[in-house]
Amino acid sequence: MAEGRYRSLSPLKWKEMKDGRLIYREELKYSDFTMDFPERFEVPDEGGFEVKGEGDFEAAPLLSKIHDDWVAQQLQRLSDDKVELLSLAGWKHGYFIDVKSGKSAALKVSLVDWLPFRLVFRVGKGASLRATVVAPSGMQREKDLKLVASRLDVMCEPGSDLDLAYKVGSSSVEFIGFSADLRASSSLKLHALHVARSYGRHFGEVVVGEGASLSANVAEIIPKSSFGDSMFNVRHASQSGSKVEMRAVVLGKGVIRGLTSVPKGAIGSNANLQERVIMIGKEAKAITSPSLDIHEKEVQARHGSWSGRIGDRELFYLESRGLSEKEAVSLLIRGFLSPFERVVPLEEILEGISIGRELRARAADKARFPNSIKT
Amino acid sequence: MEGITELKQLNEQVVMYLSREKGEPDWMLKKRLYSLSVFESKPIPTWGVDLSELKLDELAYYVKPDVEKVSSLSDLPADLKKTFEALGIPEAERNFLGGNGIMYQSEVIYERMKGGLANQGVIFMSMDEAVKKYPDIVQKYFMTRCVPPTYHKFAALNGAIWSGGTFLYVPKGVKVSMPIQVYYLVDHPSMGQFEHTIIVAEDDASVEYIEGCSAPMYVKGGLHAGVVEIFVGRNARVRATTIQNWNKNMYNLGTKRAIVEEGGKIEWVEASLGSKVTMLYPASVLAGRGARAEHFYVSMAGDGQVLEAGAKVAHAASDTSAYVLSRSISKGSGRSVYRGEVKVNSGAMGSRSSVKCDSLLISDESSTATFPTEEVYESDADVSHEATAGRIAEEQLFYLMSRGFSEEEARGLIVRGFMEPVTKKIPLEYAVEFNKIVETEVKNGVA
């Protein structure tokens with residue numbers, strides 16, 4: 001188990017209470033976001049979750065488990081100063097899902113009401129779990145909730161196997177935290193989709209233990225006039241493997257950052273970090289930063305990033321086969337996001353980011369700059 | 001320059017004194033004083049390599065060389081002549097250089113250009129002379145829009161106390177076929193070398209400029225904070241090559257930046273072997289349509305060295321393109337870092353940028369990191385980044401050893417092959433030397 005805190009790329013800064021309100025400031029140079037938010041959240045004690053599934057698992061409100069030493073210990077350990085707000089938010093409104101050693105289960109957690117939540121998964125030794133967490137769209141509480149801060153924490157005991165998919169995103173200002181602790185020889189397959197509707201930040205942190213493996217698909221949808229920041233940190237132990245693919249469809253402003261660290265002693269680890277950003281429309285701005293920090297010789301590490309618009313060649317191919325430009329773009333984006341089909345119907349997303357309007361703007365652009373076509 | 005031999009402090013009086021001794025025009029003194037105020041107002045950067053051991057107040061800011069300026073290499077004192085002969089400079093001057101210069105301590109002590117070039121209007125002289133002889137041209141380019149004093153702390157330091165460096169001006173349409181080389185030599189403990197170089201290639205011109213840097217080992221480390229400003233005119237082409245082999249306790253905090261106009265091309269070739277700490281991020285501003293930048297970087301960080309480098313490319317016009325290739329090796333307890341930034345401005349439609357950086361770790365103690373940032377503010381762009389890190393693959397070693405190479409030879413061969421895409425850009429004379437150094441270092445590193 002790798003020791004110590006993650007090296008965080010950009011810690012958030014908190015300001016003191018001022019006139020009875022907390023002022024939150026963005027330390028990141030990429031945006032000048034500042035907002036006020038209420039000092040306390042009114043969060044109902046119970047409800048909001050619907051857990052359905054098969055197999056051998058235990059699901060209980062987090063509050064009922066809070067006196068369980070193990071749960072308390074994990075919660076304590078997993079709260080990071082960086083996501084202080086996240087731990088503050090979901091205490092009351094949480095669920096604990098436990099799969100005991102050697103058992104297996106498949107389940108779906110639906111958020112009946114869009115609230116800040118906290119979900120903790122524990123997958124016991126040699127157990128396996130397939131879980132999907134979905135916040136149905138159209139369920140918004142932005143009227144009385146200015147800010148939503150939620151988190152999912154995962155603990156995989158040695159030899160366990162977890163396949164987790166989640167989709168989050170509301171119209172509020174939103175912080176989503178994800179953390180996973182993969183013990184020896186466990187494996188995590190993650191699909192995380194975040195739709196930033198106004199301002200959203202999505203943090204992921206994974207410690208990949210000895211011989212453990214991580215395969216993560218993290219996607220960010222950033223509609224027009226929204227800001228989304230997605231960050232994913234991975235820390236390796238020896239003989240561990242990670243493959244992180246961060247994708248984003250950006251119509252507004254997006255920041256996609258990944259950091260893979262291989263500390264001293266993480267011999268034989270294999271890391272791959274990829275970032276892919278599709279930019280659509282005139283307003284689109286994207287910053288990508290895939291970073292590697294390697295302190296061990298016996299490793300194979302690579303990273304890559306690409307950002308830009310949908311390729312002319314691909315569009316031409318589809319259009320020459322009779323698709324309209326809108327259909328062609330939709331099809332390409334659908335392919336780009338296909339790993340997430342399991343958590344959310346893609347039509348919903350495509351509708352949400354209204355590509356049609358952007359395409360018309362693009363056509364107008366082309367008319368204005370006829371010689372921008374490359375030869 | 002009769003009076004001073006060494007300046008140990010840095011304040012307004014010293015700057016005014018230096019400027020007066022050099023007989024500079026008023027505008028230059030003003031620029032120096034302004035730069036000094038900027039230098040004093042900016043903190044030491046903390047975001048990158050740890051610079052806390054850099055003792056700015058122990059530096060000699062100006063050291064007058066103990067040799068007079070000479071007009072022929074054979075007039076140099078015997079010990080210097082020997083050094084340069086060992087470096088192969090007289091031979092290179094005869095055979096493949098269009099111009100040759102030597103900067104020793106804080107002054108240029110020798111410069112010479114093949115006759116034909118002067119007739120075509122090419123200017124190649126030390127910056128100190130150029131300030132006096134061509135004040136109008138120099139004033140137009142000196143720390144104005146390329147590297148202003150406010151660029152960062154060490155650029156401002158250079159602006160305040162600069163001495164030496166090269167002024168190279170290539171008029172419109174002139175193509176200089178043989179490279180122009182300047183050699184920088186520091187031979188004084190705890191000294192700062194602050195040369196200032198400006199290269200101007202007017203429209204349709206082309207030139208290749210080579211810098212070689214070296215310094216013998218002293219107990220106290222020095223600082224090299226040179227500035228290179230390059231102006232590439234329309235459809236012009238400039239290649240700037242630096243082979244850096246400073247001593248292993250030198251801080252190398254140089255600044256390099258080029259502005260490239262329509263259809264122009266800048267090529268940066270950097271080979272980094274020496275210095276204790278290097279923080280060098282050559283920057284290309286692609287200001288005109290269709291401008292192109294190519295950055296090639298190769299480095300080897302040995303025991304105790306932290307070599308941090310990267311390319312900064314700003315796409316400020318449409319249809320601009322950039323290619324960055326970095327290959328680094330870390331051995332012993334060395335650390336090599338790539339920290340780069342690609343920015344595509346809004347409106348720079350059809351811009352393309354591709355960054356590749358690979359690092360090789362040779363010893364158990366070495367480390368590497370890659371921190372690329374891509375800021376894309378235009379959706380009609382194509383920006384990509386790719387990097388790998390790891391050790392020499394066992395199967396490659398096995399393959400070569402099964403064909404009769406010893407392990408040492410095989411490692412040397414693989415490392416050479418790893419660096420080849422960059423080393424082939426380096427002038428041949430240097431490349432041979434460079435490969436030799438790398439090979440010995442790799443052998444030592446493995447042993």
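Note that this is a predicted model, so its numbers are computed, not measured. Order of the sequence lines fixes the chain letters, A, B, ..., with proteins taken first and strands second; residue numbering starts at 1 for each chain.
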Next item on the list: Would you check if A:Q274 and A:M246 make a side-chain contact, meaning some heavy-atom pair closer than 4.5 Å?
Entry: no

Checklist line | Presence of salt bridge, B:K265 and B:E294, under 4.0 angstrom | finding: yes

Check: If you count heavy-atom pairs under 4.5 Å with chain A, which of B:D364, B:V342, B:I392 comes out on top?
Finding: B:D364

Next item on the list: Measure from NZ or CZ of A:R257 to the centre of the six-membered ring of A:F232 and say whether it is under 6.0 Å with the direction within 45° of the ring axis.
Entry: no

Next item on the list: Only counting residues at least two apart or in another chain, list the ones meeting salt bridge (Lys or Arg N to Asp or Glu O under 4.0 Å) with B:K42.
Entry: none

Next item on the list: Identify which of A:E298, A:Q300, A:E296 forms the greatest number of heavy-atom pairs closer than 4.5 Å to chain B.
Entry: A:E298

Check: chain A: which of B:S384, B:S379, B:A369 shares the most heavy-atom pairs with it under 4.5 Å?
Finding: B:S379

Notebook entry, point to check: So do A:I287 and A:K285 actually touch side chain to side chain, heavy atoms under 4.5 Å?
Noted result: no

Checklist line | Among the listed options A:G308, A:P290, A:G254, the residue most often paired with chain B at heavy-atom distances under 4.5 Å | finding: A:P290

Next item on the list: With a 4.5 Å cut-off on heavy-atom pairs, point out which of B:R391, B:E386, B:K356 contacts chain A the most.
Entry: B:R391

Checklist line | B:S318, part contacting chain A, at a heavy-atom distance under 4.5 Å | finding: neither

Note to self: Can you tell me which portion of B:A389 sits under 4.5 Å from chain A's heavy atoms? Options are side chain, backbone, both or neither.
What the structure shows: both

Checklist line | B:D382/A:R309 salt bridge by N-O under 4.0 Å criterion | finding: no

